Student: 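Can you read through this structure? Questions will come right after.
All values below were derived from every heavy atom in this structure, side-chain atoms included, with hydrogens, water molecules and symmetry-related copies excluded. Keep in mind that what you see is a predicted model, and the values were worked out from it rather than measured.
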Amino acid sequence: MQNLPDSLRFWRPRYADVVGLDLGNSSVKAVRLRRIKGKITLVAAGFLPALSLPSAKSDATLPALAPFKLPKALRGRYVALAVPGAAATIKLLTMPTRMDKTAELPIREMMAIGDDTVYRIAYELLPMVHGHGETRALAVALPSVEAQSLPALFPAGVPAICSLEISGLAALTAYQRGPGVNAGAETADAVLDFGANSSLLAVFAHGGLVLVRRFDFGAAAVTQRVRETLGVDLETAEGILMDGSFDVSKPVAAGLENFTRQALISRDFIEHRENCRIGRVYVCGGIAASRDWRAELHRALGVEIAVWNPLACLPALPGAIPDEVIGRESRFAAAMGAALGVMRASS
């Protein structure tokens, strides 16, 4: 946890070659960023084989992870990890007075996670939102056993792990460096990172983050509903969802029903509290390519659903984006956000 004042930021290392790894359930998404002539540049991106990550939600002893080998093009000096963090707790905390990180903040108490000694807790103070005389902090509690298992992926030498965060939150960093750059103080955007087994919904309004909500629901549940309805195997169901070869709008709507109901509650609450209107939802994740999934979200939420390309927010070297990535760029939001967060913080 960084407690030093901003005036001492020159003690932080200046990262010039960082690989962002999103350790997803279906694959590892990787991007490599380097400073070239003073500009952060995308030098490589790609899909790597999935890892079986330990989760503290299971009662079983967490297995040891084997070292993870990166191909040469994606082997930077440092690695920024983004993990699903199924057992993590994420909260947007509000404190009634203006505070700074030199003050003693009741973060642990407000997280309400029981025995906080078994968690790694980190937080970041957020910029003041217009019209609110309060301090907001985005806080995360990750079980220590999960955090302690990850250094085994890169046990010694280069690359070295330099950061760890939750994938959904890393995607928010990518949004802020992409579509969020042009968001005005009078507009409200939502960002939805739709993972395999969990999703994260965030809302930006009045120039700041005003809502973060996590759902224990993801693309796997939608795919399973399509699979059961059509009587096909998992691979076929995933293919149908992605290529739109069949109309699966009904099973998709049924699979999303509980999620969209909760998302509507969140939307109505935040629009009332912040006196704003959400005009667009930026979506990322593998299922974002599904036409029927986007159509159902649009129907249920009544707002524009926009798929965005997180790799487009930086200049890229020729050949940095291979053919296998083209058309699936939205899956790289968390990997890009993890690497960008490290490099921007060290600027």
Side-chain angles (χ1 to χ4, degrees), residues 13-51 53 68-85 150 153-154 158-181 191 193-196 200 282-289 307-347:
R14 192 169 189 268
Y15 297 104
D17 187 0
V18 177
V19 178
L21 295 181
D22 175 20
L23 309 182
N25 295 87
S26 59
S27 64
V28 173
K29 279 71 70 178
V31 299
R32 183 181 178 185
L33 307 183
R34 288 178 56 196
R35 294 186 192 275
I36 300 177
K37 296 182 179 180
K39 293 184 178 180
I40 300 176
T41 303
L42 174 66
V43 299
F47 293 102
L48 302 175
L51 289 170
L53 290 179
F68 190 65
K69 302 297 183 181
L70 293 172
K72 184 177 179 180
L74 289 164
R75 198 177 303 140
R77 291 189 59 81
Y78 297 96
V79 173
L81 296 180
V83 298
L150 294 170
L153 294 174
F154 303 96
V158 176
I161 297 175
C162 64
S163 72
L164 169 64
E165 60 183 309
I166 305 304
S167 296
L169 297 181
L172 301 187
T173 299
Y175 158 81
Q176 289 180 301
R177 305 300 181 185
V181 169
V191 181
D193 179 60
F194 212 78
L200 187 135
Y282 288 96
V283 295
C284 54
I287 202 172
V307 181
W308 55 290
N309 178 3
L311 302 183
C313 68
L314 295 175
L317 293 183
I321 304 174
D323 290 343
E324 66 171 358
V325 171
I326 295 174
R328 299 194 286 174
E329 293 92 344
S330 72
R331 299 182 65 182
F332 288 80
M336 176 64 85
L340 265 177
V342 169
M343 297 192 78
R344 293 286 187 180
S346 66
S347 297

Student: Which residue pairs pass the side chain to side chain donor-acceptor pair (under 3.5 Å) test with at least one member in residues 308-325, sequence neighbours excluded?
Tutor: none
Student: Taking side-chain contact (heavy atoms from CB on, under 4.5 Å) as the definition, give me every residue that meets it alongside A73, ordered by chain and number, with sequence neighbours left out.
Tutor: A44
Student: Hey, are the side chains of V83 and I166 touching, using non-hydrogen atoms and a 4.5 Å cut-off?
Tutor: yes
Student: V158: what forms a side-chain contact (heavy atoms from CB on, under 4.5 Å) with it, not counting sequence neighbours?
Tutor: R77
Student: Is there a side-chain contact between N25 and P84 in this structure, where contact means two heavy atoms from C-beta onward sitting under 4.5 Å apart?
Tutor: yes
Student: With sequence neighbours excluded, what pairs up with S26 under the side chain to side chain donor-acceptor pair (under 3.5 Å) test?
Tutor: R331
Student: At their closest point, which heavy atom of A334 faces which heavy atom of S167, and how far apart are they?
Tutor: CB-O, 3.4 Å
Student: Do you know which two heavy atoms are closest between M343 and Y15, and how far apart they sit?
Tutor: CE-O, 3.5 Å
Student: Rounded to the nearest 0.5 Å, what separates atom CZ in R34 from atom CD1 in I40?
Tutor: 13.0 Å
Student: For R75 and V19, which heavy atoms make the closest approach, and how far apart are they?
Tutor: C-CG2, 4.3 Å
Student: Taking L21 as the fixed residue, which of L51, L81, I161, L153 is the one that meets the side chain to side chain contact (heavy atoms under 4.5 Å, CB included) rule?
Tutor: L81
Student: Which residues pass the side-chain contact (heavy atoms from CB on, under 4.5 Å) test with A339, sequence neighbours left out?
Tutor: V18, V31, L33
Student: Looking at every non-hydrogen atom in both residues, tell me the closest pair between F68 and F154 and how far apart they are.
Tutor: O-CE2, 3.4 Å
Student: Do L314 and M336 pass the side chain to side chain contact (heavy atoms under 4.5 Å, CB included) test, and can you show the C-alpha distance, the side-chain angles, and the key distance before you say yes or no?
Tutor: CA-CA 10 Å; L314 295 175; M336 176 64 85; 3.9 Å; yes
Student: Once side chain to side chain donor-acceptor pair (under 3.5 Å) is applied, what residue pairs with a partner in residues 170-179 remain, sequence neighbours excluded?
Tutor: Y175-D189
Student: What is the minimum heavy-atom distance between G46 and V325, and which atoms define it?
Tutor: CA-CG2, 4.0 Å
Student: G24 and A50: which non-hydrogen atoms are nearest, and at how many Å?
Tutor: O-CB, 4.3 Å
Student: When rounded to the nearest 0.5 angstrom, what distance separates CD in E165 from CG in L172?
Tutor: 9.0 Å
Student: How long is the straight-line distance from CG of L340 back to CG of L42, given to the nearest 0.5 Å?
Tutor: 9.5 Å
